Amino acid sequence: MDSVSITKGVRASNERCLILDEGPTVIIGDLHLGYERALEGEGIYLPRLNTGSIRDSLNRIIFRYEPKRIVLLGDIKHDFARAPFECRLEVTKVIRMLSDAAEVVVIKGNHDNFLQNILSDIGIDVLDHTDIAGFRLEHGHSDSGVRPVIIGHEHPSVRISGAMSGSVKLQCFLYSEDDGVLVIPPFSPFSAGTDVAGPDGFMSGACRNADMDKAKVYGVSDIGIIALGLLGDLKDTEL
């Protein structure tokens with residue numbers, strides 16, 4: 001299915017975004033605009049696909065869900081440093097496109113140094129967090145301690161081994177109902193994700209302070225959202 005209810009008034013979409021009934025509101029995390037430009041600075045050259053793919057996906061979301069509000073949940077740009085002109089242009093084009101369709105709320109992520117300088121020209125303030133429909137919305141690199149909370153930052157995915165050989169890695173949503181922590185996957189197609197069922201653990205304080213083994217996992221796949229059960233059980237799951 002294209003979307004699935006996670007909790008009352010909240011749906012996870014196969015477009016790697018969260019939909020709140022209030023508004024409706026679309027929540028999107030970790031765009032990492034300017035990814036290819038940042039890699040070129042390290043001598044790695046990739047086709048300029050990230051921004052074009054993101055724009056196409058955002059247009060589909062706007063058409064499908066007709067949101068009144070769109071929340072960008074941090075790491076809108078990729079490079080930590082002061083954004084060069086090309087990166088500034090990518091960011092402003094995407095934000096202007098969204099602003100033509102809905103109210104845009106921008107949350108600051110750990111990659112978003114100088115983002116306020118970029119967005120000041122189009123009259124948008126960058127916030128540390130916002131509160132919608134009883135949820136605290138923040139990027140996740142810093143934990144406000146408010147619950148329930150919706151965060152990005154983790155780039156969560158799960159790797160599920162096949163019965164014979166090989167494995168498949170799926171970006172995913174995580175929802176720890178008892179702890180009030182909901183994690184969304186990255187929106188950038190270049191963000192393969194961190195295997196949260198593996199040994200490396202979590203980056204965010206919200207997840208480190210929660211019993212994420214009891215979190216429900218919703219995988220994003222070509223055939224739709226797949227309810228995969230509890231994260232703790234996936235460590236021994238075969239597909």
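The first residue of the sequence shown is numbered 1, and numbering continues consecutively from there. Small disclaimer: the values here were computed from a predicted structure and weren't measured.
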Side chain of [X], backbone of [Y]: donor and acceptor closer than 3.5 Å?
{"X": "Asp30", "Y": "Ser188", "answer": "no"}
{"X": "Arg11", "Y": "Ser3", "answer": "yes"}
{"X": "Asp75", "Y": "Asn110", "answer": "yes"}
{"X": "Asn14", "Y": "Ser221", "answer": "yes"}
{"X": "Thr194", "Y": "Val196", "answer": "no"}
{"X": "Asp179", "Y": "Val181", "answer": "no"}
{"X": "Lys77", "Y": "Asn113", "answer": "yes"}
{"X": "Glu138", "Y": "Val149", "answer": "no"}

Provide the closest heavy-atom pair for [X] versus [Y] in the form atom of the first, atom of the second, distance.
{"X": "Ser99", "Y": "Ile124", "value": "OG-CD1, 3.8 Å"}
{"X": "Ile107", "Y": "Leu137", "value": "CD1-O, 4.2 Å"}
{"X": "Ile132", "Y": "Glu22", "value": "CG2-OE2, 3.8 Å"}
{"X": "Ile70", "Y": "Ile28", "value": "CG2-CD1, 4.2 Å"}
{"X": "Leu234", "Y": "Leu228", "value": "CD2-O, 3.4 Å"}
{"X": "Pro67", "Y": "Val26", "value": "CB-CG2, 3.7 Å"}

Same hydrophobic cluster for [X] and [Y], using side-chain heavy-atom links shorter than 4.5 Å among ILVMFWY?
{"X": "Leu230", "Y": "Leu170", "value": "no"}
{"X": "Ile223", "Y": "Val158", "value": "yes"}
{"X": "Ile54", "Y": "Ile122", "value": "yes"}
{"X": "Val146", "Y": "Leu18", "value": "no"}
{"X": "Ile62", "Y": "Ile76", "value": "yes"}

Arg60 and Glu15 ion-paired at < 4.0 Å
yes

State plainly whether the residues Asp128 and Lys108 are in salt-bridge range, i.e. N to O under 4.0 Å.
no

If I take atom [atom1] from residue [X] and atom [atom2] from residue [Y], how far apart are they, to the nearest 0.5 angstrom?
{"X": "Phe202", "Y": "Leu231", "atom1": "CZ", "atom2": "CG", "result": "5.5 Å"}
{"X": "Thr7", "Y": "Phe135", "atom1": "OG1", "atom2": "CZ", "result": "6.0 Å"}
{"X": "Lys169", "Y": "Arg159", "atom1": "NZ", "atom2": "CZ", "result": "5.0 Å"}
{"X": "Met212", "Y": "Asp178", "atom1": "CE", "atom2": "CG", "result": "11.5 Å"}
{"X": "Cys17", "Y": "Tyr65", "atom1": "SG", "atom2": "OH", "result": "5.5 Å"}
{"X": "Lys216", "Y": "Tyr175", "atom1": "NZ", "atom2": "OH", "result": "7.5 Å"}

For side-chain hydrogen bond (donor to acceptor under 3.5 Å, both in side chains), just list the numbers for Ser157 and Gln171, CA-CA rounded to whole Å, side-chain angles, deciding distance to a tenth of an Å, and then say yes or no.
CA-CA 4 Å; Ser157 68; Gln171 291 182 340; over 6 Å; no

Could you check whether any side-chain heavy atom of [X] comes within less than 4.5 Å of a side-chain heavy atom of [Y], counting everything from C-beta outward?
{"X": "His32", "Y": "His155", "value": "yes"}
{"X": "Leu72", "Y": "Val105", "value": "no"}
{"X": "Glu90", "Y": "Val94", "value": "no"}
{"X": "Ile6", "Y": "Leu182", "value": "yes"}
{"X": "Val220", "Y": "Phe173", "value": "yes"}

Identify the residue among Thr25, Ile150, Leu20, Leu127 that makes a side-chain contact (heavy atoms from CB on, under 4.5 Å) with Val71.
Thr25

For side-chain contact (heavy atoms from CB on, under 4.5 Å), just list the numbers for Ser176 and Leu174, CA-CA rounded to whole Å, side-chain angles, deciding distance to a tenth of an Å, and then say yes or no.
CA-CA 7 Å; Ser176 175; Leu174 302 173; over 6 Å; no

Starting from the C-alpha separation in whole Å, work towards a yes-or-no answer on side-chain contact (heavy atoms from CB on, under 4.5 Å) for Ile95 and Met97.
CA-CA 5 Å; Ile95 300 298; Met97 182 192 79; over 6 Å; no

Audit row: His139, Ile151, side-chain contact (heavy atoms from CB on, under 4.5 Å) steps and yes/no:
CA-CA 5 Å; His139 179 59; Ile151 65 171; over 6 Å; no

Start with the C-alpha gap between Arg88 and Asp121, add the side-chain angles, then the distance that decides, and say whether side-chain contact (heavy atoms from CB on, under 4.5 Å) holds.
CA-CA 11 Å; Arg88 293 174 67 96; Asp121 292 340; 4.1 Å; yes

Could you check whether Arg16 makes a cation-pi contact with Phe187, meaning its NZ or CZ is under 6.0 Å from the centre of the six-membered ring and within 45° of the ring axis?
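Positive - Arg16 is close enough to the ring of Phe187 and near enough to its axis.
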
Please step through side-chain hydrogen bond (donor to acceptor under 3.5 Å, both in side chains) for the pair His141 and His153, ending with a clear verdict.
CA-CA 6 Å; His141 63 300; His153 186 55; 5.3 Å; no

